[in-house]
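What follows is one structure encoded as structure tokens, with my remarks underneath.
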Amino acid sequence: MKNRTLVVAAAIVDDLGAPSTLLAARRSRPEHLVGRWEFPGGKVDPGELPEDGLHRELREELGVSVELGREITGPHPEGWAITDRHVMRLWLARITDGDPVPLVEHDALRWLAPPELFDVPWLDGDVPIVERLRDVLLPAYQADVR
Ligand SMILES: Nc1nc2c([nH]c(=O)n2[C@H]2C[C@H](O)[C@@H](COP(=O)(O)OP(=O)(O)OP(=O)(O)O)O2)c(=O)[nH]1
């Protein structure tokens with residue numbers, strides 16, 4: 001896990017206390033990622049705190065401000081091994097300002113409820129994270145549909 005580049009990303013949800021839907025973003029670049037869905041975010045700049053990098057990326061990519069909730073921790077203390085060169089940390093987040101628009105890096109956004117989570121082709125490394133998030137979203141989703 002050492003020597004991997006740190007990527008920070010957000011599981012943007014409708015509500016931090018009772019999350020039931022998740023915002024997914026479709027990559028528009030680079031070529032090998034085009035059409036795959038992911039969590040908005042990106043690489044942390046040198047000297048930047050991970051959470052600060054995440055707020056910056058979300059402003060740049062979607063034009064939104066967020067409140068961060070708890071971190072969705074992975075199997076490794078460093079985060080989720082999303083590729084053989086990147087490790088990712090991700091936090092729940094709620095939009096506090098702005099309507100999300102795919103400004104750069106993405107060309108589509110979708111709010112997904114648990115039954116729809118796998119209707120989109122996620123990047124391979126994100127699949128175990130989406131499975132974990134399904135468990136996070138299910139209680140509030142099931143309470144809502146009842
Ligand atoms: N942002 C993000 N990247 C992901 C996810 N899953 C996944 O495998 N990746 C990969 C894709 C890229 O190879 C890498 C992140 O790079 P990036 O292109 O988003 O980062 P960045 O905006 O800072 O990129 P750069 O163009 O400035 O280098 O991690 C995900 O859910 N979100």
Side-chain angles (χ1 to χ4, degrees), residues 1-16 18-141:
M1 221 45 56
K2 306 254 180 299
N3 303 321
R4 294 199 201 202
T5 301
L6 176 63
V7 174
V8 292
I12 297 179
V13 292
D14 52 336
D15 186 302
L16 287 178
S20 68
T21 56
L22 169 71
L23 189 67
R26 188 173 68 191
R27 292 290 294 221
S28 57
R29 68 174 200 217
E31 187 61 44
H32 70 285
L33 303 178
V34 166
R36 306 293 292 275
W37 293 71
E38 67 165 17
F39 302 97
K43 296 176 197 114
V44 178
D45 287 340
E48 188 179 45
L49 292 174
E51 288 91 336
D52 291 344
L54 181 51
H55 285 289
R56 175 183 52 73
E57 291 280 351
L58 296 174
R59 274 194 307 273
E60 290 172 6
E61 292 184 357
L62 305 178
V64 297
S65 301
V66 300
E67 171 193 2
L68 296 184
R70 70 179 175 91
E71 182 170 0
I72 303 295
T73 52
H76 309 285
E78 298 89 345
W80 299 84
I82 45 168
T83 76
D84 51 13
R85 289 179 301 111
H86 303 92
V87 64
M88 186 163 82
R89 293 180 62 190
L90 103 159
W91 286 263
L92 293 183
R94 179 183 71 91
I95 295 171
T96 54
D97 191 43
D99 285 322
V101 181
L103 297 172
V104 287
E105 307 250 315
H106 304 113
D107 61 4
L109 302 175
R110 258 186 82 175
W111 286 98
L112 301 171
E116 304 155 351
L117 283 174
F118 289 99
D119 287 359
V120 300
W122 289 92
L123 288 174
D124 295 339
D126 288 351
V127 169
I129 307 173
V130 178
E131 283 168 352
R132 171 75 60 86
L133 283 167
R134 186 171 174 278
D135 296 336
V136 172
L137 301 174
L138 261 181
Y141 175 75

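Along the sequence shown, residues are numbered consecutively beginning with 1. We count ligands from 1, going down the list as the structure has it; atoms in each ligand are counted the same way.
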Not counting sequence neighbours, list each pair that qualifies as a side-chain hydrogen bond (donor to acceptor under 3.5 Å, both in side chains) and has a residue in residues 71-83. Glu71-Arg89, Thr83-His86
If you look only at pairs with a residue in residues 109-131, which of them pass as a salt bridge (Lys or Arg N to Asp or Glu O under 4.0 Å), with sequence neighbours excluded? Arg36-Asp124
Under 3.5 Å donor-acceptor, Asp107 side chain and Ser28 backbone: no
Audit row: Lys43, Val7, side chain to side chain contact (heavy atoms under 4.5 Å, CB included) steps and yes/no: CA-CA 4 Å; Lys43 296 176 197 114; Val7 174; 4.2 Å; yes
Chain-and-number sorted residues having a heavy-atom contact under 4.0 Å with ligand 1 are Val7, Arg27, Leu33, Glu38, Phe39, Gly41, Gly42, Lys43, Glu57, Ile82, Thr83, His86, Met88, Glu105, Leu123, Asp126
Quick note, ring pair (Phe, Tyr, Trp, His ring centres under 6.0 Å) partners involving residues 18-66, not counting sequence neighbours, are Phe39-Trp122
Measure from the side-chain N and O atoms of Ser20 to the backbone N and O of Ala140, and report whether any donor-acceptor pair falls under 3.5 Å. no
